[in-house]
K.L.:
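The structure follows.
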Amino acid sequence: MARRKSKSRQWVDRQHRDPFVRGSQKEGYRSRAVYKLSEIDQKDRLIMPGDTVLDLGAAPGGWSQYAATRVGVAGRVFAIDILPIAPIKDVVVVQGDIATESLSRELELRLKNEPVGLVLSDMAPNLTGIKAADQAKSLGLARVALSIALKMLGPNGKFMVKVFEGEDTDDFRREITSSFGKVVVRKPQASRLESAEYYLLASKPTEVR
């Protein structure tokens with residue numbers, strides 16, 4: 001019990017010291033993760049005005065909040081998660097399992113054949129602490145996100161997905177590269193140094209932006 005309380009206290013202390021946590025609270029974002037997306041967006045011009053954006057694994061909604069400010073009135077953002085998400089201004093919230101055919105059909109109906117400009121995936125499994133198992137589950141989710149991206153992205157679309165470093169990550173990167181013309185690695189400052197996470201950003205071969 002004492003060890004559990006100590007870990008809890010350490011977590012609270014880290015949150016209090018974390019400049020990204022403080023920044024998200026000050027700016028009204030739902031999570032510190034928004035600064036991962038904003039840094040990559042500023043570097044790579046990820047989100048464009050008028051884009052339709054699918055945010056997979058969106059809860060609690062920080063990425064969708066940010067994306068909505070970037071796409072403007074001509075764009076649309078869909079926040080998708082198996083967990084409930086409180087309403088977000090200018091965002092369409094869709095609750096369900098993205099891996100199911102029923103949710104895929106629902107998205108297609110909502111999109112009305114409109115091409116998607118960007119698919120984001122910050123999905124992560126419930127971690128067990130067993131590195132190999134956690135990494136395998138993470139790649140499983142990343143492959144689901146890739147299948148959605150390949151199905152719904154328009155000709156100039158982009159895809160960004162979170163992965164955790166492991167023995168099969170290079171194989172997954174090659175899978176993405178076989179379908180996209182350019183794949184780069186991004187490790188934003190808001191990703192904690194001790195975390196094995198990073199992001200793969202892929203652009204369609206015909207991209208002209």
K.L.:
How many angstroms lie between CD1 in Ile80 and CZ in Arg110, if you round to the nearest 0.5 Å?
P.N.:
9.0 Å
K.L.:
If I compare all heavy atoms of Pro115 with all of Thr52, which pair ends up nearest, and what's the gap?
P.N.:
O-CB, 3.9 Å
K.L.:
Spell out, yes or no, whether Leu146 and Val185 are grouped together once hydrophobic residues are joined by side-chain heavy atoms under 4.5 Å, including indirect joins.
P.N.:
yes
K.L.:
Check Ile82 against Gln95 and note the closest heavy-atom contact, atom names and distance.
P.N.:
O-NE2, 3.3 Å
K.L.:
Establish, from distance only, whether the side-chain atoms of Glu197 and Ser138 form a donor-acceptor pair under 3.5 Å.
P.N.:
no
K.L.:
For Glu101, does the CD atom sit with more than 12 other heavy atoms under 6.0 Å from it, leaving out its own atoms?
P.N.:
yes
K.L.:
List the steps, then state whether salt bridge (charged side-chain N to carboxylate O under 4.0 Å, His left out) holds for Glu39 with Lys43.
P.N.:
CA-CA 6 Å; Glu39 180 183 327; Lys43 180 179 180 64; over 6 Å; no
K.L.:
If we ignore hydrogens and angles and just use 3.5 Å, is the side chain of Ser38 paired with the main-chain N or O of Tyr35 as donor and acceptor?
P.N.:
yes
K.L.:
Assign the ring pair Phe180 / Phe159 to parallel, tilted or perpendicular, where the plane angle (0 to 90°) is split at 30° and 60°.
P.N.:
parallel
K.L.:
Do the side chain of Asp97 and the main chain of Ala99 share a donor and acceptor less than 3.5 angstrom apart?
P.N.:
yes
K.L.:
Does some side-chain heavy atom of Leu107 sit less than 4.5 Å from a side-chain heavy atom of Ile98?
P.N.:
yes
K.L.:
Could you tell me if the side chain of Leu141 sits less than 4.5 Å from the side chain of Pro125, heavy atoms only?
P.N.:
yes
K.L.:
Does Leu200 offer a backbone N or O that forms a donor-acceptor pair with the side chain of Arg173 under 3.5 Å?
P.N.:
no
K.L.:
What's the separation between atom CD1 in Ile176 and atom CZ in Arg143, rounded to the nearest 0.5 Å?
P.N.:
9.5 Å
K.L.:
When rounded to the nearest 0.5 angstrom, what distance separates NZ in Lys36 from OH in Tyr66?
P.N.:
15.0 Å
K.L.:
Ignoring hydrogens, what is the shortest heavy-atom contact between Lys162 and Ala142? Give both atom names and the distance.
P.N.:
O-CB, 4.2 Å
K.L.:
Just verifying a value: how many Å separate Tyr198 OH and Arg186 CZ, rounded to the nearest 0.5 Å?
P.N.:
13.0 Å
K.L.:
Between atom CG of Asp122 and atom CG of Leu37, what is the distance when rounded to the nearest 0.5 Å?
P.N.:
8.5 Å
K.L.:
Say whether, by atom type as modelled, one donor and one acceptor occur between the side chain of Asp90 and the main chain of Ala68 under 3.5 angstrom.
P.N.:
no
K.L.:
Taking Asp51 for its side chain and Met48 for its backbone only, find out whether a donor-acceptor pair lies under 3.5 Å.
P.N.:
yes
K.L.:
Would the distance check show the side chain of Trp63 and the main-chain N or O of Ala33 forming a donor-acceptor pair, the cut-off being under 3.5 Å?
P.N.:
yes
K.L.:
Using 0.5 Å steps for rounding, measure from the CG atom of Asp41 to the CG atom of Leu120.
P.N.:
9.5 Å
K.L.:
Please report the closest heavy-atom contact between Val53 and Ala67, naming both atoms and the distance.
P.N.:
CG1-CB, 4.5 Å
K.L.:
Identify the heavy atoms of Ser104 and Met152 that sit nearest to each other, and give their distance.
P.N.:
O-CE, 3.7 Å
K.L.:
My understanding is that only residues two or more places apart in sequence, or in another chain, count here; which of them pass ring-ring contact (aromatic ring centres under 6.0 Å, His included) with Phe164?
P.N.:
none
K.L.:
Determine the minimum heavy-atom distance between Ser64 and Ile88, stating which atoms define it.
P.N.:
CB-CD1, 4.1 Å
